[in-house]
Amino acid sequence: MTDTTRPHRNFYGRLKGKTLKKSQRAYLDEDLAALSPGAVGWDENPERRALDLEALFGGRQVWLEIGFGGGEHLVHQAQANPDIGIIGAEPYINGVAMLLGKIRRAGVTNLAVHPGDARDLMDVLPKGAIDRAFLLYPDPWPKARHHRRRFVTPEHLEPLHHVLAPGATLRVATDIPDYVRQTLEEVPKAGFEWLSERPEDWRAPWDDWISTRYEQKALREGRVPHYLTFRRI
């Protein structure tokens, strides 16, 4: 980005939950800095210099998971695709700590972690650098007056379109019918096409899917997951 004027960005949602375990604090202290994708924050990178993904991942394709929760899916994809570099963005520090524990146990090395707002990360990702993006069980903000806080709004979708390569895929999973509605309205307007020809295309999970704890909770409570795939035009 050439505009170095810091935008005013409201952030909604939790940054921290219950008290972290001693082991989780250790993960944050010992592991997080080494997993940084580079200078993302405005204080450390006010010029909004683009991240050097070549140096970070050695020329591999790069995927992005926005709001990785506890990190199950992120680590699963890193293990299944060692030839891919994956960046996860998550502002909820308890989720970040959970991810770091999973990374230690799995021993994956093709991950980078931004413990903050995905909008700040997208500021400094090079144009067209991302080959696949995941938005899995995002915060539903169920009240009508809060729908503008959802990720599937122009404030988020326009920069996401900018950083995705032409033909890149965006996967969205949600169990909230109204989130499905808003996604199918807003994502195509942002320059994506929905890849669906039959009901099975959105009823069945992707072949490489791993069910997350959020999905398991939704299933226990009787909600129906939807799996939406889009292609960046």
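Just the heavy atoms: all of them, side chains too, but no hydrogens, waters or symmetry mates, feed the values below.
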Can you list the steps and then say if Ile233 with Phe192 is a side-chain contact (heavy atoms from CB on, under 4.5 Å)?
CA-CA 5 Å; Ile233 301 172; Phe192 296 83; 5.6 Å; no
Q.
Please determine whether side-chain contact (heavy atoms from CB on, under 4.5 Å) holds for the pair Trp63 and Ile87, giving the CA-CA distance in whole Å, both sets of side-chain angles, and the decisive distance to 0.1 Å.
A. CA-CA 6 Å; Trp63 296 354; Ile87 303 175; over 6 Å; no
inquiry  = Arg104 vs Glu30, test: side-chain contact (heavy atoms from CB on, under 4.5 Å). Steps then yes/no.
reply    = CA-CA 11 Å; Arg104 275 200 188 189; Glu30 299 169 10; 2.6 Å; yes
Notebook entry, point to check: Could you walk me through whether Phe230 and Thr183 pass the side-chain contact (heavy atoms from CB on, under 4.5 Å) check?
Noted result: CA-CA 10 Å; Phe230 299 89; Thr183 300; 3.7 Å; yes
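Using a 4.5 Å heavy-atom threshold, the side chains of Leu121 and Asp117 count as separate. Side-chain contact between Val96 and Phe68 is present, with at least one heavy-atom pair separated by less than 4.5 Å. Arg150 has its side chain within reach of Asp178: a pair of non-hydrogen atoms, C-beta onward, lies under 4.5 Å apart. A 4.5 Å side-chain heavy-atom check between Leu228 and Leu195 finds every atom pair outside the cut-off. Residues Arg203 and Tyr227 have side chains not in contact (no heavy-atom distance under 4.5 Å, counting atoms from C-beta outward). For the pair Ile103/Val75, a side-chain contact is recorded, criterion being any heavy-atom separation below 4.5 Å from C-beta on. Side-chain contact check for Met98 versus Arg213: some heavy-atom pair is nearer than 4.5 Å.
Between the side chain of Glu221 and the backbone N or O of Ala218, no donor-acceptor pair lies under 3.5 Å. Listed for the His76 side chain is a donor-acceptor partner under 3.5 Å among the backbone atoms of Asp208. Using a distance-only test at 3.5 Å, with no hydrogens or angles considered, a donor-acceptor pair links the side chain of Lys102 to the main chain of Gly70.
Residue-environment remark: CD (Glu197) stays at or below the threshold of 12 foreign heavy atoms within 6.0 Å.
Seen from the ring of Trp194, Arg231 does not count as a face-on cation partner, given the 6.0 Å and 45° thresholds.
Between the side chains of Ser211 and Gln216, at least one donor-acceptor pair of N or O atoms lies under 3.5 Å. No side-chain donor-acceptor contact under 3.5 Å links Thr229 and Trp202.
Here the closest heavy-atom approach between residue Tyr214 and residue Gly69 is recorded as CE1-CA, 3.8 Å.
Residues passing the ring-ring contact (aromatic ring centres under 6.0 Å, His included) test with His73, sequence neighbours excluded: Phe134, Trp209.
Residue pairs satisfying the salt bridge (Lys or Arg N to Asp or Glu O under 4.0 Å) criterion with at least one member in residues 53-65, sequence neighbours excluded, are absent.
Cluster annotation: Ile93 and Leu74 are assigned to the same hydrophobic cluster (Ile/Leu/Val/Met/Phe/Trp/Tyr, side-chain heavy-atom contacts under 4.5 Å, transitive).
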